[in-house]
Amino acid sequence: MTASTKNRPSSDTRSNYTGPAMVSTGEATAMLHTGETPPIRVFGTESIRETFDDLCLQQAVNSRLAPGVTDLVLNPDAHCGYGAPVGCVMVSPTHVYPGPVGVDIKCSMSLLQLDLPAEAVEDRNVRRALISAICQRTPTGAGKGQRSVGKARHVNRTLGKQLVTEGASNDVCRALGIPTAWAHRCEDSHHVGHDDTESALENRLETLLQHRHMSNFSEKMQQLGSYGGGNHFGECEVVQVGDNDRAREVAQAFGLRDGHVAFLSHCGSRGFGHNLASGQFRTLQDKFDRWGIPLPAGDRQLVYAPLGSDEANDYLDDMALGANFATVNHLLINALVLEAFQEVIPGTQGNLVYFISHNIARKEIVDDRPAWVHRKGATRAMPAGHHSLTNTPFAKTGHPILLPGNPRDGSAVMVADEGAAASCYSVNHGAGRVLGRRHAKRVLDQATVDSEFDSNDVLSNCRKYPIDEAPAAYKDFNEVLRSVKSAGLASEVARLKARFVIKDASKADD
DNA sequence: ATGTCC
């Protein structure tokens, strides 16, 4: 296979599909018809649905028709991905799919509420000092993981093995200086192996460590507490709670403070998760080749494993190992960010509002039976009273949904409504890309992008903001949120207004 | 997403 076709479906992918047949069923809902199988539910206003290009819709159809798939949902932020679109939910009671989890296992959002009033970060010099203190502790960029200041938090091999098998356990949190209470603010603080045991993960890890592609395990553990690159970021926000009684009530239950500073983070499982995901793709693709198993729609990114097989067990174990890394990575980042705030503004206190993934498969009850719900660029959205929230702090309200928008228009905290049942209890994971990276670099102007940050008084660690990450490379966030609200999936609790952004600046000067 | 192909 040549480099140019490697990441895209082969041309015969489209042979049995004559084009999208999208039928509008409401202001922000539609059905995408696949022929024989039930239609795909699509969420998005008409202008949002126009952003779905043919390949994105084709990927949705391919995924819906793949073996063992019983449901597929397309969200307003959907765009082309690997095999399945980014911005979709795929349900299967019988199969697991690495592609519709994604290559960054448990890529997630977290929000730290600080006890600082907005005025505390008004001074540009204070914000510059915060940017510097944070960047010294939570590095950005490929391969970066070494911290230059602060409390020593070296992750040795033993601690690395412990954290990828235990997740955010009390022992792991204590070893890394993470408040143990934060584990209760996680969608999942701990992922177990395919048989629901931790020992399965310990065994799988020992097997992996004998493989060459995992020989850099200790090195990858050093990346704990770092952002990485691409669309990952850290962002200082001012919380603006919605102007209605429900928003105020829910915000209070979430621990959000109107008019106060918060810190939003987006990152995943770094090089470790990438090693695991790419290893799984290679292994499964080799087996499909060797055994002559037909690929769904001829797409190598849609390889799968039937539940109960050794292949599925290994995949689920690898996903859990990567997910545990991502969980502890986010919690450590939040601890480091709090430490940075305390250095610049002594006495600052902070609490984790929530940590929630948008790239993970979870075993959930769908239509009264267990199924693997693959959310690829999609966020779990369970409303008040949902059985899975029993004994969590959010049983009576629904859990926080953290949606990054862009540094110009803000981000959002939402809460699910009853209507979320129609989307397999899911919403979007952000704005969604509207320009590909190469396209963005060609059509967007660096000076315009940078001056927009300046006129909005949003500071950044980047001298030049990465142009393929500019707000204009993403969909209209307000229209995306309007889609979610109008479809009855979730309600807005608060907006987050950016004051400064931490991004990987290393490729911005190309 | 990922030292952007072991």
Side-chain angles (χ1 to χ4, degrees), chain A residues 1-8 59 77-88 97-109 138-146 208-224 226-234 265-283 285-286 300-301 318-319 321-323 325-327 329-330 333 357-361 374-379 404 429-433 436-438 440-441 466-469 473-474 502-510:
Chain A
M1 182 160 279
T2 64
S4 62
T5 58
K6 189 181 165 206
N7 294 330
R8 300 178 80 82
Q59 289 182 335
D77 55 343
H79 56 97
C80 293
Y82 291 66
V86 175
C88 82
Y97 281 79
V101 167
V103 62
D104 186 7
I105 294 167
K106 209 181 182 186
C107 188
S108 311
M109 301 302 304
T138 62
T140 58
K144 294 287 185 348
Q146 294 76 29
L208 283 167
L209 289 175
Q210 290 161 20
H211 281 71
R212 206 161 62 93
H213 83 278
M214 206 45 88
S215 63
N216 55 10
F217 177 78
S218 295
E219 190 186 314
K220 294 302 176 202
M221 291 302 110
Q222 295 306 306
Q223 295 182 337
L224 199 78
S226 67
Y227 279 111
N231 60 7
H232 291 171
F233 68 87
S265 293
H266 176 211
C267 67
S269 48
R270 306 288 283 103
F272 180 62
H274 185 263
N275 272 358
L276 292 163
S278 57
Q280 280 293 337
F281 273 116
R282 265 198 309 274
T283 301
Q285 286 166 354
D286 284 352
R300 293 175 67 74
Q301 305 291 344
D318 286 7
M319 184 182 74
L321 291 165
F325 183 93
T327 303
N329 187 34
H330 261 269
I333 283 174
S357 175
H358 48 237
N359 274 12
I360 191 86
H374 303 66
R375 293 191 178 88
K376 179 180 186 177
T379 313
H429 80 311
R433 216 162 240 299
R437 292 188 184 279
R438 204 171 301 175
K441 284 177 189 163
I467 200 152
D468 51 343
E469 286 293 317
Y474 287 87
I502 311 282
K503 290 285 282 187
D504 174 20
S506 65
K507 281 179 284 187
D509 288 324
D510 289 352

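All figures in this text were calculated on a predicted structure; none of them were measured in a lab.
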S.K.: Across the strands shown, which category fits A:Gly230 at heavy-atom distances under 4.0 angstrom: base, sugar-phosphate, nothing?
M.R.: sugar-phosphate
S.K.: Taking CG from A:Asp286 and P from B:dC5, how many angstroms apart are they, rounded to a whole number?
M.R.: 17 Å
S.K.: Tell me: CD of A:Glu219 to C1' of B:dT2, nearest whole Å?
M.R.: 13 Å
S.K.: Nearest whole Å is fine: how far is B:dT4 P from A:Lys441 NZ?
M.R.: 15 Å
S.K.: Under 3.5 Å, is there a donor-acceptor pair between the side chain of A:Asn329 and the main chain of A:Ser226?
M.R.: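 Pair found, side chain donor or acceptor close to backbone of A:Ser226.
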S.K.: Does A:Arg212 or A:Gly143 map to a spot on DNA chain B nearer the 5' end, using the closest nucleotide for each?
M.R.: A:Gly143
S.K.: Please report the shortest heavy-atom distance between A:His213 and A:Asn275, naming the atom on each side.
M.R.: O-ND2, 3.3 Å
S.K.: Please give, in whole Å, the distance from B:dT4 P to A:Arg438 CZ?
M.R.: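 Interatomic distance, CZ of A:Arg438 to P of B:dT4: 16 Å.
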S.K.: Rounded to the nearest Å, what distance is computed from the CG atom of residue A:Asp504 to the P atom of nucleotide B:dT4?
M.R.: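 Taking atom P of B:dT4 as the reference, CG of A:Asp504 is at 14 Å.
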S.K.: For B:dT2, does either OP1 or OP2 sit under 4.0 Å from a side-chain N or O belonging to A:Lys220?
M.R.: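 No, because none of the side-chain N or O atoms of A:Lys220 sits under 4.0 Å from OP1 or OP2 of B:dT2.
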S.K.: For A:Phe281 and B:dC6, give me the distance from atom CZ to atom P, rounded to whole Å.
M.R.: 15 Å
S.K.: Have a look at A:Gly229 and say if it touches a base, only the backbone sugar-phosphate, or nothing, with a 4.0 Å heavy-atom cut-off.
M.R.: sugar-phosphate
S.K.: Quick one: label A:His232 by what it contacts on the DNA or RNA (base, sugar-phosphate, nothing), any heavy atom closer than 4.0 Å.
M.R.: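 Counting heavy atoms under 4.0 Å across all strands, the contact made by A:His232 is with sugar-phosphate only.
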S.K.: Provide the closest heavy-atom pair for A:Asp468 versus A:Tyr474 in the form atom of the first, atom of the second, distance.
M.R.: O-CE1, 4.5 Å
S.K.: Establish, yes or no, whether a centroid distance under 6.0 Å links the rings of A:His266 and A:His358.
M.R.: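 Yes - the distance between ring centres of A:His266 and A:His358 falls below the 6.0 Å cut-off.
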S.K.: Whole Å only: how far is the OH atom of A:Tyr82 from the P atom of B:dC5?
M.R.: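 Nearest whole value for this atom pair: 8 Å.
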S.K.: CZ of A:Phe272 versus C1' of B:dG3: gap in Å, rounded?
M.R.: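 Distance check: A:Phe272 CZ to B:dG3 C1' gives 18 Å.
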S.K.: Would you indicate what A:Gly228 reaches in the nucleic acid, counting non-hydrogen atoms under 4.0 angstrom: base, sugar-phosphate, or nothing?
M.R.: sugar-phosphate
S.K.: What are the two closest non-hydrogen atoms of A:Thr140 and A:Tyr227, and how far apart are they?
M.R.: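 Taking every non-hydrogen atom into account, CG2-CB, 4.1 Å.
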